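Here the structure is laid out as C-alpha cells; the discussion comes afterwards.
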Amino acid sequence: MTAPEIRQQFLDFFVSKGHHIVPSSPIVVKNDPTLLFTNAGMNQFKDYFLGNRAPAWKRVADTQKCLRVSGKHNDLEEVGIDTYHHTMFEMLGNWSFGDYFKKEAIDWSWELLTEVYKLPKDRLYVTVFEGDAKENLEKDQEAFDFWKQHVPEDRILMGNKKDNFWEMGDTGPCGPCSEIHVDCRPDEERAKVDGKTLVNADNPQVIEIWNNVFMQFNRLKDRSLESLPAKHVDTGMGFERLVRVIQGKFSNYDTDIFSGTIQHTEQLTHLKYGGTDNKQDVAFRVIADHIRAICFTIADGQLPANTGAGYVIRRILRRAVRYYFSFLEQKKPLLHELVPVLAQQFANVFPELQQQVDFVKKVVFEEENNFLRTLDSGIRRIEDFMGNAKQKSIDGRTAFELYDTYGFPYDLTSLIAAENSFSVDEKGFEAAMKEQKDRSRAATELDMGDWTILDENPASTFVGYELSETHTSVTKYRKIKAKGKEQYQLVLAQTPFYAESGGQVGDTGTLSFNGESITVTDTKKENNLIVHFVDKLPADVTTSVKAEINRNNRLNTTLNHSATHLLHAALRQVLGTHVAQKGSLVNPEYLRFDFSHFAKVTDEELAQIEDIVNEKIRANIPVVIKEMPKDEAMQLGAMALFGEKYGDVVRVVIMDPAYSVELCGGTHIGATGELGLFKFTSEGAVAAGVRRIEAVTGGNALTFVNEQLQQLKDIKAAIKNAKEPVKAIETLIQDKAALEKQLEVLEQEKVRQLSASLLQQVEQVNGINFLGKVVEAGSADALKQLCFNLKNEISNHVLLFAANIAGKANVALMISDNLVAEKGLEAPKIIKEKIAPLIKGGGGGQKSFATAGGQEAGQLQQVIAQVKGML
RNA sequence: GGGGGAUUAGCUCAGUUGGCUAGAGCGCUUGCAUGGCAUGCAAGAGGUCACCGGUUCGACUCCGGUAUUCUCCA
C-alpha cells in the first residue's frame, strides 16, 4: 500500500463513520502567544474544547501538518540520528466534540488498524490510564473494558499520569488517554524478549502509533478537576510511523514518503544512501526530513528570519546545509533542487507548495547561499585563528564567539579543530552559551497574572464593523508586567475595538467607567479573545463601561485597508497572478504590502499600478461585504491567502466582482471614492523574491503630494526659478566638478612654486641637506604635501616644515632613508623628544616621516633651530 | 525583546598600541601583444573610510548616539 493510499483510507474510513473531513490548518500559528507552530492535530480545535466557539460539525477528521523542534524527544539536533523522529510530520486524527466517546473511538481505531490496514493483532499493545491517588483519579476502567473486547488482557498495559493523562495546558480540558503501540521486531527477537516490556521504553522498533485522548475533565486554577458536561475525543496518529509499519520497513525513511527526496539527493550528490548510522546516511535523513519542514512553512507564508518562527525555519535549513556541507561533500546549494520533487509529491494533499513552487525554491536557494557564505567566512576566521595560535587549542570564548557573532556552528569548529589536531574547550563554550541564554531569558521575563473573572461567559463579541462605541461590561482582566512596566489586559462582553489581525493594527481609544476615562493603548487577539491593553485599572471595574474607539485613527486605517485591496488586485493585473501577499501592515499613517515577485517593479509598472488604483477610486465603486460559505466565495474567485486559516463561513470583501474579491476580516469604507487619492511612497526588496510597497491614501496622500510640491518649489527657488530646473542642476554639478578640478591643478601649481623656491634655500649641515622653514599653510596635509614633493628633488635630506594653523602648531619632518639607516636618525624620536615639548603637544609617525602638533604656536623658529642644532 | 559583530574603491576584503600621501584581488577604461578567442603586459580612472557628536595637537583607528545589516539567544 502506498503512502497516499494509506492516507486516503484513513480519511475514507472516518467519512464512513459520519465524520467531516477538514483541511489541515496552516503550520505557522497566528494569534496564539503560546505557540509558534502547529504541534498537534487538535490545535485548530482548541476553541471548541475551551467553549469559546461552537463546533460546526460534531465529528471531524483530517491530516494535519505539524512541526516540533523542541521537547524531550524532539530536539532538533536529534532528528535524522534515529529513524523515526521528525521536525515536520503529518498527524492523522479524528475528533468527537461532545458526540461519541470511548467505546466508538476504541472500536474504530481497532477496526481501522486490523481490518483496513491489516496489522497483525498480536503485534499490537494498548495502554490505559492506571489512575492517580494524589489527583484522586481512578483507573480508566471504561477504556480497559472496551479494549478487552478486542485485545487479550496481557497486552493491555497500565500507564501512569505522565504517559496516559493528557493536559492541554496548566488549566482547561484534559483527560485520560489510551495509546496503541506496535512491535515491529522480527519474530526471533520477539520470542526472546516480550514486546510488552519494551512499550514506552524508547525502543526504535516498538513504537507508539496512535493516541486516543478522552477529554472528560476541566482543570481549574486551584489544580482541582471537575467533570465536563460535554465529553470529547481527540486522537492523533503519526502518519510517517503508520506508513512505515504498514509497509513493513525498518525506518520511516525507507517508506515512499521519503524515498523520492532521498533518491533525488543521491542523484545530486552521486552518493548512495545506506540506511546506516554513519554520518553520511544521517545527512541523507536530515536533508529528507528538513526539506519538508522548510518547504511547508515557507509555503504557509513564514520566511526565514532572525526572530521568532522565521528563526526556527532558518535554523532547520542551516542544519541541513551543515550536514550536506560536512558529510556529503556538497559546497553548493542543494536543498532548493528538492523543492519541486516535494511539491510534486504533495500536490494533491497540500497543494499550497505546488502553487508556489518557484517562489519557495528561490527563497531556499538564497537562504542556502547566504549560509554557505557565512560558513566560508567562518572557515577563514577559524583558520586564521589556528594560524596565529600559540597552543594547539581553541578556547571556549573563541569557539563561542565564532558561533554567537559569526554564526559558525560549534560542531564544525570542533570538526575542523580535530582535522588540525587542535582541541576545543567545550566546557568553556557551554558556559558562555548558558550565560547568553540566561541573559535573554531575564530580559524577556513576562509576568502574567491570573485572569480575574467577573463574568463566567467568556464569549466576547466584536461589534466594531457597525459601531464605534458601545455600552458594555468587563468580563475579565489581568495584570501583566514586562520589563518593570505594569499593564492591564481587559476583555469586554462587547467591543467596538478591532484587534490586530490581517495586518490591520488594533484600535486605540477610551473606556469610560462612571466618568473615569481609561486609555486603550492597543488591542490584540489571543485566539478568539479580544484583549484591550490599558495602563491602569479604573476605580471600579465592575460598573458598566462606555467603550469608544479613536474614530479618526480608525477611519484612516480603514482607508488604508481598502486601498490595500485595490493595490493587491492592481498588482496581479499588471505583474501577473504569481503575486501573492507575503505580509501586510495597515495603520492610520500608511500601508505596507509585501508580495512575491522576482524582479524590481519598474517605474513604468509602478505608474501603471498607481493609475489603476486611482481609476478605481474615481469610479467610486461601492464596497460590498458579505458572509457566505467558503466554497461559494471561492467560486466567486475570491483571493485567499496562503497560511491563513479560514472558517467554513467567510467574510468576503468585494470591490467590483470583476476587480477585487478578497476574504478579509478587516474594516472597510463604503465606497472607493472615500479614498480620495492613492500615492506610492516607496518600493524595494525585503527578502529573496519578496518586494515591498509602501503607500498612502486620503489626507495623508494629499499631504505627501503637497510636501513633494513644496520641495520642488524650494528647489526651483534655490536655483533662481530656472526654466528647466533639472538641466540647471545638472549644469551646476558639472560646473562644480570642473571647477574643483581646476582648483586642484592650481593648488598643485602653487605647491610646486613654493617647492621650487624652497629648493633654493637648502643648507648644508654636517654633510646633510637640511631644509627647515616656517611656512604659511592651510592644513597639516599641506605640510605633508611639501615634504613628499621635495623628497625626490633633494637626496640625503632632512626636511622640516612648521606652520601656525588656526593658532596651533603643526610640524612635519622627513628624513631620507639612507640617513635613517646610516646615522640612526628617526623622525618619530626627534618629533617626540625635541619638538613636541616645545609646542606642548605630541606626535609620531614612521621612521622617515613623522608629524607633530601642539597648542603652542609661538615657538616654531626654535623648533627649526633645535633640529638644525642636533644634526 | 536581549547580547555580540560589521559598515573602507563597482564587488570581495586588508588596514597590527591614534601620526604610513588609505591599500590588495577581481571588475572597469585606455594602450600594447597574439591571425581570432581564452589570455598576457602596461598605464589609468574610481574613496564624504555609513551618518552625527565627543576626546585629542592630530581620528579610518578611541568614546557616545543614529541608521543599515549579519549573527546568537529568548
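Numbered from 1 within each chain, the chains take letters A, B, ... in sequence-line order. Computed from a predicted structure; not experimentally measured.
Considering only side-chain atoms of A:R439, the nucleotide from B:rG3, B:rG4, B:rG58 that sits closest is B:rG3. Of all nucleotides listed (B:rA74, B:rC57, B:rC13), B:rA74 comes nearest to the side chain of A:S440. Of the candidate nucleotides B:rC13, B:rC20, B:rG4, B:rC13 has the atom lying nearest to any side-chain atom of A:R380. For A:R441, counting side-chain heavy atoms from C-beta on, the closest listed nucleotide (B:rG5, B:rA74, B:rC72) is B:rA74. Taking every side-chain heavy atom of A:T851 into account, B:rG19 is the closest of B:rC20, B:rG19, B:rG58.
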Report task. Check step by step if salt bridge (charged side-chain N to carboxylate O under 4.0 Å, His left out) holds for A:D438 and A:K434. Result -> CA-CA 6 Å; A:D438 290 346; A:K434 184 174 180 305; 3.0 Å; yes
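The distance from atom CD of A:E401 to atom P of B:rG5 is 8 Å, rounded to the nearest whole Å. Between A:F400 atom CZ and B:rG5 atom P there is a gap of 12 Å when expressed in whole angstrom units. One atom, CD1 of A:I316, and another, P of B:rC72, lie 14 Å apart when rounded to the nearest Å. In this structure, the CG atom of A:N306 is 15 Å from the P atom of B:rG3, given to the nearest Å. Per the geometry, CG belonging to A:D438 stands 19 Å off P belonging to B:rC72, to the nearest Å. Per the geometry, CG belonging to A:L372 stands 16 Å off C1' belonging to B:rU12, to the nearest Å. To the nearest angstrom, P of B:rG4 lies 14 Å from CZ of A:R397. The CZ atom of A:F801 sits 18 Å away from the C1' atom of B:rG19 (whole-angstrom rounding).
Comparing A:S377 and A:A850 along RNA chain B, the residue whose closest nucleotide (by nearest heavy atom) sits nearer the 5' end is A:S377. Comparing A:G843 and A:N810 by the nucleotide of RNA chain B that holds the closest heavy atom to each, the one mapping nearer the 5' end is A:G843.
Regarding contacts with the backbone of B:rG19, every side-chain N or O of A:K784 stays at 4.0 angstrom or more from both OP1 and OP2. Within the structure, a side-chain polar atom (N or O) of A:R318 is placed less than 4.0 Å from OP1 or OP2 of B:rU71. Listed pair A:R314 / B:rU71 meets the phosphate criterion, a side-chain N or O lying under 4.0 Å from OP1 or OP2.
Taking the C1' atom of each, B:rG15 and B:rC60 are spaced 9 Å apart, rounded to whole Å. B:rG4 and B:rC62: their P atoms are spaced 16 Å apart (whole Å). Taking atom P on both B:rU30 and B:rA38, the two are 15 Å apart, rounded to the nearest angstrom. Between B:rG3 and B:rU8, the distance separating the two C1' atoms is 26 Å to the nearest Å. Separation of the C1' atoms belonging to B:rA33 and B:rU16 is 42 Å when rounded to the nearest angstrom. Nucleotides B:rG23 and B:rC49 have their C1' atoms positioned 12 Å apart, rounded to a whole Å. Separating the C1' atom of B:rU7 from that of B:rC52 is a span of 15 Å, rounded to the nearest Å. Using C1' as the reference atom, B:rA9 and B:rA45 are 11 Å apart when rounded to the nearest Å.
The closest side-chain donor-acceptor pair between A:D411 and A:S414, if any, does not fall under 3.5 angstrom. The closest side-chain donor-acceptor pair between A:E368 and A:Y324 falls under 3.5 angstrom. Side chain to side chain, A:H85 and A:E78 fail the donor-acceptor criterion of an N or O pair below 3.5 Å. When only modelled atom types and interatomic distance are considered, A:T87 and A:D289 share a side-chain donor-acceptor pair under 3.5 Å.
Every residue two or more places apart in sequence or in another chain was checked for a salt bridge (charged side-chain N to carboxylate O under 4.0 Å, His left out) with A:E500, and none qualifies.
Within the 4.0 angstrom heavy-atom criterion, only backbone atoms of the sugar-phosphate kind lie near A:Y406; the bases stay farther away. At a threshold of 4.0 angstrom between heavy atoms, the contacts of A:R373 with the nucleic acid are absent. As judged by a 4.0 angstrom heavy-atom cut-off over every strand, A:F849 is placed among residues touching the sugar-phosphate backbone only. Across all strands shown, A:R381 has no heavy atoms under 4.0 Å from either base or sugar-phosphate atoms. A:G844 comes within 4.0 angstrom of a base, heavy atoms only. Residue contacts shown for A:S848 are absent, as no nucleic acid heavy atom lies under 4.0 Å away.
A:H532 places a side-chain N or O within 3.5 Å of a backbone atom of A:L490 that can act as its donor or acceptor partner. In this structure a side-chain-to-backbone donor-acceptor pair under 3.5 Å is missing from A:T523 to A:G506.
A donor N or O paired with an acceptor N or O is found under 3.5 Å between the base of B:rG2 and the side-chain atoms of A:Q436. Between the side chain of A:D404 and the base of B:rG5 there is no donor-acceptor pair of N/O atoms closer than 3.5 Å. Interface remark: the A:Q855 side chain does not form any donor-acceptor pair with the B:rC57 base, using a distance-only criterion of under 3.5 Å.
Annotated stems with RNA chain B as a participant read B:1-7 with B:67-73, B:10-13 with B:23-26, B:28-33 with B:39-44, B:50-54 with B:62-66, given as range with range, by first number; only runs of 3 or more Watson-Crick or G-U pairs under 3.5 Å qualify.
A cation-pi contact, defined as under 6.0 Å to the ring centre and within 45° of the axis, links A:K331 to A:F325.
Proximity of the aromatic rings of A:Y488 and A:F533 is defined here by a centroid distance below 6.0 angstrom, and this criterion is not met.
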